[in-house]
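Note sheet for the following structure.
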Number of protein chains: 2
Amino acid sequence: MTAGYDPYAFEPFAVTVDLAVFTVRGGALHVLLIRRGQQPYAGAWALPGGFVLPRESAETAARRELAEETGLSEQLVAALHLEQLRTYSEPDRDPRMRVVSVAFTALVPDLPEPAAEGGGDAAHARWLALDEVTELAFDHAVILADARERIGSKLEYTCLATGFCPPEFTLGELQSVYETVWNTALDRPNFRRKVLATPGFVEAVPGAARLTGGRGKPAALYRPGPATTLHPPLLRPEGSSR
Amino acid sequence: MTAGYDPYAFEPFAVTVDLAVFTVRGGALHVLLIRRGQQPYAGAWALPGGFVLPRESAETAARRELAEETGLSEQLVAALHLEQLRTYSEPDRDPRMRVVSVAFTALVPDLPEPAAEGGGDAAHARWLALDEVTELAFDHAVILADARERIGSKLEYTCLATGFCPPEFTLGELQSVYETVWNTALDRPNFRRKVLATPGFVEAVPGAARLTGGRGKPAALYRPGPATTLHPPLLRPEGSSR
DNA sequence: TACTTAATGGTCATGTTGACTATAAACAGG
DNA sequence: CCTGTTTATAGTCAACATGACCATTAAGTA
């Protein structure tokens with residue numbers, strides 16, 4: 001085939017998006033899943049997603065589907081950092097027809113159950129801890145594994161971790177994000193030193209210190225800083241993940 | 001829209017692949033481009049690529065197109081490490097119709113001009129230095145820039161750089177790969193120390209040392225080692241790239 | 001033979017990391 | 001009200017990695 005696109009030479013495919021949206025809840029990594037209502041894989045859990053419409057980019061479609069299917073607030077969905085993971089295009093990944101799917105990942109702070117928002121498709125959406133997830137529809141188990149791996153390595157050299165935290169957070173919360181995603185224990189003073197030594201990673205909230213909540217000495221509050229990457233990176237210890 | 005794929009709800013798209021294949025030649029980063037023969041963008045340079053066929057995955061299509069369009073040897077193409085970059089899906093990226101393109105990157109050692117292989121589409125393929133590249137068809141300039149950035153950061157934490165080198169190479173050649181891609185000068189003894197200290201990055205070729213070629217003391221030859229990632233990474237100096 | 005070039009072998013000060021100890025500020029319970 | 005528990009925060013120290021150099025070796029070349 002030549003450089004040009006010959007309009008007679010292509011077979012039409014369906015193009016969809018799939019989303020692996022993570023949160024940290026109670027020390028465990030959770031992913032947002034929906035229960036399928038129809039064949040194939042009726043009753044199975046699946047990643048939220050759907051068709052890209054004629055005038056949408058994949059990313060636009062991903063935001064729309066996320067809002068429609070999970071009832072996350074419009075505002076949150078619009079502001080969310082969506083990262084394109086990769087595209088899955090094996091010919092038989094959907095038994096009915098040829099479907100090429102662009103997968104995205106996102107991180108959100110701990111949120112109420114999506115169903116709480118009200119009716120519609122969101123009623124079938126739930127957060128599941130990763131080890132509760134067994135059978136997933138289509139090749140979604142592969143997508144989920146790829147997404148988890150991507151998130152883990154992104155934490156090493158980007159400031160992405162703050163995406164799992166509320167707008168103001170303690171260094172302990174930030175550390176537990178790393179520990180949960182990497183499934184490792186980190187030394188608290190060292191973690192603190194590293195984070196504070198990285199310019200722009202976090203910045204102290206002016207006058208505040210969390211008081212009432214937990215036991216123990218109240219922790220200072222921080223906000224995400226302007227930096228997006230970590231130089232040098234915060235590498236996970238040798239045998240982590242999984 | 002619900003979790004399921006409703007067969008009546010989707011618009012068919014064309015799905016293509018595009019390839020950004022790099023090599024290092026004469027101290028400059030080169031990319032493999034083809035001259036378009038038809039509208040739109042007739043006469044412009046473009047990344048090699050083409051339609052995904054009904055029974056192909058995107059990666060299979062990428063290998064096929066690369067072999068067809070550039071005349072690189074089947075063997076090389078089959079063994080090549082193809083990395084999926086990302087998918088480009090803006091609605092108007094192709095003026096004629098809705099085309100979603102999955103982009104790949106690859107690295108090859110310095111090779112003869114593709115046209116040398118013989119006829120066909122390969123006749124329109126050429127290696128161009130990155131700063132000779134001006135106008136590219138479609139959104140290929142964006143894809144190329146993304147690919148360059150990806151390659152640059154991949155060099156930091158993977159052993160990918162050996163992919164630019166012939167099967168046996170000197171540390172000087174390896175270093176010049178880094179210097180070319182990052183567009184920075186590196187200290188030779190320090191680079192050497194770092195590479196040799198990373199287990200599995202390179203291994204010495206048993207009895208050999210390059211003699212005749214250049215002036216100066218002959219350099220030892222190395223082969224790629226079994227490692228795929230660099231721990232800790234080999235970070236580029238602050239203000240590099242571009 | 002002297003000069004140039006590039007590879008290779010070092011040193012040294014600095015910065016970062018991992019392991020660990022110590023102190024401070026809250027709460028819980030008797 | 002005192003004591004122990006919990007968590008945050010501060011600091012120390014050795015091992016290691018890095019950047020900036022200098023020195024030596026082994027080729028080709030004038």
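For clarity, every value in this text was computed on a predicted model and none was experimentally measured. Letters A, B, ... mirror the listed sequences (proteins, then strands); counts begin at 1.
Protein atom CG of A:L196 is 9 Å distant from nucleotide atom P of D:dT9, rounded to whole Å. Whole-Å rounding puts the B:L171 CG to C:dT8 P distance at 6 Å. The distance from atom CZ of A:F191 to atom P of D:dT9 is 12 Å, rounded to the nearest whole Å. Regarding B:L235, its CG atom lies at a distance of 10 Å from the C1' atom of D:dT18, rounded to whole Å. A:R236 has its CZ atom 16 Å from the P atom of C:dT17, to the nearest Å. Atom OH in B:Y222 sits roughly 11 Å away from atom P in C:dA7 (whole-Å rounding). Between the C1' atom of D:dA8 and the CD atom of A:E173 lies a distance of 13 Å, rounded to the nearest Å. If you take CG of B:L186 and C1' of C:dA6, they are 16 Å apart, rounded to a whole angstrom.
For the OP1/OP2 pair of C:dT17 and a distance below 4.0 Å, the side-chain nitrogens and oxygens of A:K194 include at least one atom meeting the criterion. Distances shorter than 4.0 Å separate none of the side-chain N or O atoms of B:K217 from OP1 or OP2 on C:dT5.
For A:Y88, there are no ring-ring contact (aromatic ring centres under 6.0 Å, His included) partners, not counting sequence neighbours. For A:E83, the side-chain contact (heavy atoms from CB on, under 4.5 Å) criterion is met by A:H81, A:R150, A:K154, not counting sequence neighbours.
The pair B:E156-B:K194 does not meet the salt-bridge criterion, since no charged nitrogen lies less than 4.0 angstrom from a carboxylate oxygen.
Residue contacts for A:R188: at a heavy-atom cut-off of 4.0 Å it reaches a base atom on one of the strands shown. As judged by a 4.0 angstrom heavy-atom cut-off over every strand, A:R192 is placed among residues touching the sugar-phosphate backbone only.
Distance alone, capped at 3.5 Å, is enough to place a donor-acceptor pair between the B:R148 side chain and the B:V181 backbone. Counting only distance, with no hydrogens or angles, the side chain of A:T23 and the backbone of A:V108 share a donor-acceptor pair below 3.5 Å.
The CG atom of B:L80 lies 8.0 Å from the CG atom of B:L107; values are rounded to the nearest 0.5 Å.
For a distance-only test at 3.5 Å, the side chain of B:R193 qualifies as a donor-acceptor partner of the base of D:dG19.
In this structure, of D:dG28, C:dT16, D:dT9, it is D:dT9 that holds the atom nearest to the side chain of A:A220. Looking at the side chain of B:R215, the nearest of the listed nucleotides C:dA26, D:dG28, D:dT18 is D:dG28. Of the candidates C:dT8, D:dA26, D:dA17, the closest approach to any side-chain atom of B:A219 belongs to C:dT8.
Looking only at side-chain heavy atoms (C-beta outward), A:V21 and A:L47 stay at 4.5 Å or farther from each other.
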Collect all protein-nucleotide pairs involving nucleotides 21-23 of chain D in which both atoms are nitrogen or oxygen and the distance is under 3.5 Å.
none

